[in-house]
Amino acid sequence: MSMPAFKNEDIAVTHARPQLISVEAAKQLDAAQVKELFANHINPGQLHFLKLLGFDKILVDRAEGMHYITKDGRKILDFFGGFCSVAFGHNHPRIVAARHKFQDENRHEICMAFMSQYASALAKNLATIAPGDLDMVFLGSTGSEAMEAALKVAEQAQGPEKSKILHAANSFHGKTKGVLSVTDSTLYQSQFKLVENRVKVPFGDIAAVRQALESDPSIGIVVMETIQGGGGIVEAPEGFWRELRALCDKHGVLWVADEVQCGLGRTGQFFAFERDGVVPDVTALAKALGGSKAAMGAMIARREIYMKAYGKPKSALIHAQATFGGMGEACVSSIEALNVLYDEDLMGNAQRQGDYLIEKLNGLRAKYPSLIKEIRGRGLMIGVEFQDISETMPFGLKHMVALLDDKLKGSLCGFVGALLLKEHDVLVAFTEYNRNVIRLEPPLIVTREQCDEFLAAFEDVLSGGVTGIVTGYLRKVAVGKG
């Protein structure tokens, strides 16, 4: 017996509407409500550190230029810059206008079945900017994705006989599984099973690189950040990149330069490696590439390498664009951002303001040597390394307190950062590995007056000495007074 046919209208299907938060209701949430949602649904452990710094009491309502504006009307000067992602400031008017025009004209966003004029134009712009024959582009959404693509194109081009990757100590290349293997952090690597075709050398040690390449012909790829961000704003010694380029050429090794943080004009040049007059085989950008409005990452490879890896029809789709690689509005944001970078001379501004900040910060280091150990960096990628706690103590106490230096590492940075926010409405960043370092990575639009505003706030905090900093933190941040 055949079963009776049912028409769609014969079946009444109802779905109970869950109690969802609307966009407008989300905007109206207060700090206490957001804290509860964050703890319940995002990361309660991370909330612990936000509380230590007093950052859990801040709820941003909007952002403009160099500032966050909170729900209660505070204007917070942004010297953090989202780990270099806010290069163009918050809501740059030209980039916002380009996005609005894109939306108003109902242009295509996800267009995987066809070629995208926006992805193609962005790729052309990046190839035009990049030196040498870096001209084949893969678009993604994050730095990790761009670096995954960079390592994959290099390994595919080298083949299995030269697939081992040489990377640096204290490196940070991302947290996805492949690049996590060359991210030198026991915390981030945790107990994950990592790829094993890798070997580590000290960052900036050309002798160690030479020895590794000469002793192991299976090494086919060298991957390094041009400036280590998570390592504490650390640069390789003078001449290192030129010698590395020569060694890679000699041994048939491909050099992958990670410029996710230090690229896009932050150091005063588009790529940080350009200062040394050398060109890598593959590089990667992200962070600021989306104009501080969109998630955008890009791998750029030499044509010869890209074609060797993916140049034939049978290999073309091995690592083609992902679903959200080259989305329309994100590409438009990046295209406009690259034009703004040159039209507004933001690279020149990064150089000028960075030189000024470094000069003044070195003056503060000379004035407060017991607090500040070193100033590092170039352009608007600057690291301020504080002394260990024991070095701030009177001579008679140094030896005893030194036993606690490792446990207390980063505490002075945290106290200073918390006081800058609490007392002066200035936001700074920290580093992953060297916890004694505050990193200054303000948007490239920063003015001399805003640099002076930061410097005055920083000196005010330093002027209290270690006693004033610790007691100020305990009184005004830890117990929520002041």
Side-chain angles (χ1 to χ4, degrees), residues 63-66 78-102 118-132 134-135 137 139-141 143 146 226-227 229 257-275 279 283-300 326 329-357 377-382 440-448 450-451:
E64 299 171 5
M66 282 291 299
D78 184 7
F79 262 63
F80 169 21
F83 296 122
C84 299
S85 62
V86 194
F88 299 90
H90 299 277
N91 291 303
H92 190 288
R94 274 183 55 177
I95 297 169
V96 169
R99 291 166 64 87
H100 282 170
K101 185 174 177 62
F102 183 93
Y118 306 113
S120 300
L122 175 58
K124 167 59 176 173
N125 285 350
L126 290 172
T128 299
I129 293 168
L134 287 168
D135 58 2
V137 178
L139 298 175
S141 301
T226 313
I227 300 176
D258 183 342
E259 295 254 339
V260 167
Q261 289 189 43
C262 62
L264 222 97
R266 181 147 292 275
T267 64
Q269 292 172 288
F270 192 90
F271 295 101
F273 60 71
E274 290 182 277
R275 186 184 69 172
V279 181
T283 190
L285 297 167
K287 300 291 187 188
L289 183 56
S292 311
K293 288 295 292 182
M296 176 62 74
M299 176 276 289
I300 315 173
E329 190 172 326
C331 287
V332 165
S333 303
S334 298
I335 291 169
E336 187 67 5
L338 292 175
N339 281 277
V340 166
L341 187 71
Y342 288 94
D343 291 347
E344 299 187 3
D345 189 29
L346 296 187
M347 287 185 283
N349 191 60
Q351 183 71 64
R352 291 187 295 273
Q353 307 307 340
D355 287 348
Y356 178 75
L357 278 169
R378 54 182 155 122
L380 291 174
M381 191 173 183
I382 300 169
L440 306 175
E441 296 165 338
L444 307 188
I445 63 170
V446 67
T447 64
R448 181 61 50 87
Q450 289 160 342
C451 290

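In what follows, every heavy atom counts, from backbone to side chain, and hydrogens, waters and symmetry copies are set aside. Model, not experiment: these values are computed from the prediction.
Among all heavy-atom pairs drawn from Q261 and R266, the shortest one is O-CD, 3.9 Å. Of all non-hydrogen atoms in Y342 and M347, the two that sit nearest each other are CE2-CE, 3.3 Å. When all heavy atoms of L289 and G297 are compared, the pair lying nearest together is CD2-C, 4.1 Å. The two residues N91 and A63 have their closest heavy-atom pair at ND2-O, 2.8 Å. Nearest heavy atom pair, residue N125 against residue I335, reads ND2-CG2, 3.9 Å. In plain terms, the two heavy atoms of M296 and S334 that are nearest each other are CG-OG, 3.3 Å.
Residues L122 and L139 form a side-chain contact, since some pair of their non-hydrogen atoms from C-beta on lies under 4.5 Å apart. For the pair D345 and Q351, the minimum side-chain heavy-atom distance is 4.5 Å or more. Y356 places a side-chain heavy atom less than 4.5 Å from the side chain of R448. In this structure the side chain of L357 never reaches within 4.5 angstrom of the side chain of V446, judged on heavy atoms. Between L126 and L285 there is a side-chain heavy-atom pair separated by less than 4.5 Å.
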*Where do L444 and F88 land on the side chain to side chain contact (heavy atoms under 4.5 Å, CB included) test, with the steps shown first?*
CA-CA 6 Å; L444 307 188; F88 299 90; over 6 Å; no
*Should T226 and D258 be marked as a side chain to side chain contact (heavy atoms under 4.5 Å, CB included) after you check the CA-CA gap, both sets of side-chain angles, and the distance that decides it?*
CA-CA 6 Å; T226 313; D258 183 342; over 6 Å; no
*asked:* Quick one, Q353 with L380, criterion side chain to side chain contact (heavy atoms under 4.5 Å, CB included). Give me CA distance, side-chain angles, the key distance, then yes/no.
replied: CA-CA 7 Å; Q353 307 307 340; L380 291 174; 4.2 Å; yes
*asked:* For F270 and L341: C-alpha separation, side-chain torsions, deciding distance, then whether side chain to side chain contact (heavy atoms under 4.5 Å, CB included) applies.
replied: CA-CA 9 Å; F270 192 90; L341 187 71; 3.6 Å; yes
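Under the side-chain hydrogen bond (donor to acceptor under 3.5 Å, both in side chains) rule, H92 has a single partner from K293, E64, E344, which is E344.
Taken to the nearest 0.5 Å, the SG atom of C84 stands 3.5 Å off from the CD atom of E441.
Checked by atom type and distance alone, the side chain of T267 never pairs as donor or acceptor with a backbone atom of G379 at under 3.5 Å. Panel note: side chain S292, backbone A87; a donor-acceptor pair is recorded below 3.5 Å. No donor-acceptor distance shorter than 3.5 angstrom exists from the side chain of D78 to the backbone of M66, with no hydrogens or angles considered. A donor-acceptor pair is defined here as one N or O able to donate and one able to accept, closer than 3.5 Å; no such pair exists between the side chain of S333 and the backbone of A294.
The aromatic rings of F273 and F271 sit parallel, their planes meeting at an angle under 30°, below the 60° perpendicular limit. Ring-plane geometry between F102 and Y118 is classed as perpendicular, the angle between the planes exceeding 60 degrees on a 0 to 90 degree scale with a lower cut at 30.
The residues R94 and D343 are annotated as salt-bridged, a charged nitrogen and a carboxylate oxygen being separated by less than 4.0 angstrom.
T283 and E259 are not linked by any side-chain donor-acceptor pair at a separation below 3.5 angstrom, with hydrogens and angles left out of the test.
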